Amino acid sequence: MGYEIRDKIKEPTTITDIGNLKIINKNGMYYLEVEFLGETDTSFVKGTTTLELPVDINRLSFTLESRNNPSYITEQYYIETMNLGFGDLVSKDGKIDFEIVGDKRKNMTLSEIEEKLGYKIKLVSEK
């Protein structure tokens, strides 16, 4: 689509705004679909493109940093950052919210537990 727009618009285009942004996960690769708005001397234009994101899910990490609060030198505040594989990005509100979306616990018999562990166990009651 980008080539079609470029072929249709021969005059310089000024980007005036970004429209929709959409993250796409396809076969383990991440892409950012960007819609942008612009104008030339004679028309308004809208373009879209899909950008490859250098996201490596195996290198995903979270960091909690302590920093001095500039307005209260004696106090500290914490900044949450996330590394998607191309450097630390500071979260907008200084935090990353998590929620539990499912329960991994499951009911298992003693024989199922032993099979999973690969050896016999003896259950004792907690005191």
Side-chain angles (χ1 to χ4, degrees):
M1 176 142 174
Y3 292 112
E4 294 171 14
I5 290 175
R6 184 169 293 154
D7 290 342
K8 291 178 184 175
I9 301 171
K10 301 293 184 189
E11 52 193 315
T13 304
T14 302
I15 304 299
T16 57
D17 200 1
I18 293 178
N20 296 319
L21 298 173
K22 179 180 176 185
I23 294 179
I24 301 166
N25 177 353
K26 186 173 183 180
N27 299 325
M29 296 291 295
Y30 292 86
Y31 303 93
L32 180 63
E33 188 176 271
V34 179
E35 176 186 273
F36 55 91
L37 307 172
E39 60 184 70
T40 68
D41 288 339
T42 59
S43 60
F44 294 103
V45 297
K46 178 173 87 170
T48 58
T49 189
T50 302
L51 306 171
E52 292 182 12
L53 290 175
V55 174
D56 183 352
I57 199 71
N58 297 317
R59 294 180 55 200
L60 183 81
S61 63
F62 301 96
T63 305
L64 179 64
E65 292 181 24
S66 171
R67 296 188 180 171
N68 287 328
N69 186 331
S71 59
Y72 302 99
I73 299 302
T74 59
E75 293 185 20
Q76 292 195 334
Y77 65 101
Y78 294 92
I79 300 293
E80 292 274 359
T81 62
M82 185 174 188
N83 186 333
L84 298 173
F86 53 93
D88 286 339
L89 303 171
V90 176
S91 62
K92 177 179 173 285
D93 299 325
K95 64 180 182 173
I96 298 171
D97 295 321
F98 289 94
E99 67 178 281
I100 296 172
V101 295
D103 191 352
K104 290 179 75 173
R105 292 180 289 189
K106 59 182 176 180
N107 296 327
M108 296 177 76
T109 65
L110 179 59
S111 62
E112 289 173 326
I113 294 169
E114 289 175 340
E115 184 179 327
K116 194 85 163 162
L117 291 172
Y119 53 85
K120 296 277 186 193
I121 62 170
K122 179 181 176 185
L123 287 179
V124 295
S125 62
E126 294 182 32
K127 294 182 183 180

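Keep in mind it's a predicted model, so treat the numbers as computed, not measured.
Other residues, nucleotides and ligands place no more than 12 heavy atoms under 6.0 Å from the CD1 atom of Ile23. Around CD of Glu115, the count of heavy atoms belonging to other residues, nucleotides or ligands within 6.0 Å does not exceed 12.
Phe44 and Ile18 fall into different hydrophobic clusters, defined by Ile, Leu, Val, Met, Phe, Trp and Tyr side-chain heavy atoms under 4.5 Å apart, directly or through other members. Residue Val124 is not grouped with residue Ile113 when hydrophobic side chains (ILVMFWY) are merged at heavy-atom distances under 4.5 angstrom, including chains of intermediate members.
The distance from the CG atom of Asp17 to the CZ atom of Phe36 is 12.0 Å, given to the nearest 0.5 Å. Between atom OG1 of residue Thr50 and atom CD of residue Glu33 there is a gap of 4.5 Å, rounded to the nearest 0.5 Å. The distance from the CG atom of Leu110 to the NZ atom of Lys120 is 7.5 Å, given to the nearest 0.5 Å. The OH atom of Tyr31 lies 11.5 Å from the CG atom of Leu51; values are rounded to the nearest 0.5 Å. Atom CE in Met29 sits 12.5 Å away from atom CD1 in Ile24 (nearest 0.5 Å). Atom CD of Glu52 sits about 12.0 Å away from atom CG of Leu32, to the nearest 0.5 Å.
In this structure, Tyr119 and Glu114 have side chains that are not in contact, with every pair of non-hydrogen atoms separated by 4.5 Å or more. Side-chain contact between Val34 and Thr48 is absent, with no heavy atoms from C-beta onward closer than 4.5 Å.
Under the 3.5 Å distance criterion, the side-chain polar atoms of Thr16 are matched with a main-chain donor or acceptor of Leu37.
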